[in-house]
Amino acid sequence: MANRIVGNVYILDTGSANTALPWNSGTHIQSVAFWSTDTTGRMVLSGADTTNHVVVLENPNDDETTVGIYLGGVPFSEMKLPTLTAGTGWIYLI
């Protein structure tokens, strides 16, 4: 599959490396969730510079787990997904 927007949710299943995720400039992020099957799962979101991570979510368990973070509507003009390993992520937009 490929990254896609469904309603107000951006579903992430493919890393974008150094390419920005397509979305409107100034998009507001309510929260981010990440599901993976074990401790190999990792998702990293960054702004324009992929060395400055905005969100890092990892599975702390050796079984299926969903972890998340609430950002409360922070605006981002650009977002990249340099790392997505062994899982699926969701960005909830407002």
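These values consider heavy atoms only, across backbone and side chains, with no hydrogens, waters or symmetry-generated copies. The first residue of the sequence shown is numbered 1, and numbering continues consecutively from there. It should be emphasised that the depicted structure is a prediction, and the values quoted were computed from it without experimental measurement.
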Point to revise | Test item: N59 side-chain N/O and D38 main-chain N/O as donor-acceptor pair under 3.5 Å | key: yes
Check your understanding: Looking at residues at least two apart in the chain, or sitting in another chain, which of them share a side chain to side chain donor-acceptor pair (under 3.5 Å) with N8?
Key -> none
**Study point:** Hydrophobic cluster of Y92, others only, ordered by chain and residue number, side-chain cut-off 4.5 Å
**Key:** V6, V9, I11, W35, W90
Practice item. Applying side chain to side chain contact (heavy atoms under 4.5 Å, CB included), name anything that partners V56, two or more places apart in sequence or on another chain. Key: R42, V44, H53, E58
Revision key, fill the gap. For G73 and H28 the tightest heavy-atom approach is O-ND1, 2.9 Å
Point to revise | Summary of salt bridge (charged side-chain N to carboxylate O under 4.0 Å, His left out) pairs that have at least one residue in residues 15-34, sequence neighbours excluded | key: none
Exercise for review: Please list all pairs passing the salt bridge (charged side-chain N to carboxylate O under 4.0 Å, His left out) test where one or both residues lie in residues 68-87, with sequence neighbours left out.
Suggested key: E78-K80
Review point. What do you reckon, is CG of D63 surrounded by more than 12 foreign heavy atoms closer than 6.0 Å?
Key: yes
Practice item. Could you grab the distance from atom CG of D62 to atom OG1 of T37, nearest 0.5 Å is fine? Key: 8.5 Å
Check your understanding: Residues two or more places apart in sequence or in another chain: which of them pass side chain to side chain donor-acceptor pair (under 3.5 Å) with D49?
Key -> T51, N52
Check your understanding: If you look only at pairs with a residue in residues 18-32, which of them pass as a salt bridge (charged side-chain N to carboxylate O under 4.0 Å, His left out), with sequence neighbours excluded?
Key -> none
Review point. With sequence neighbours left out, which residue pairs that include part of residues 81-94 fulfil the salt bridge (charged side-chain N to carboxylate O under 4.0 Å, His left out) condition?
Key: none
Review point. How far does OG1 of T14 sit from CG of N3, to the nearest 0.5 angstrom?
Key: 5.0 Å
Point to revise | Residues which pass side chain to side chain donor-acceptor pair (under 3.5 Å) with Q30, listed by chain and number, not counting sequence neighbours | key: Y70
Point to revise | Co-members of V74 in a cluster of I, L, V, M, F, W and Y side chains, linked at under 4.5 Å | key: I5, Y10, L12, L21, W23, I29, V32, F34, M43, L45, V54, V55, L57, V67, I69, L71, F76, M79, L81, L84, I91, L93
Review point. Considering residues at least two apart in sequence or located in another chain, which fulfil the side chain to side chain donor-acceptor pair (under 3.5 Å) criterion with S77?
Key: none
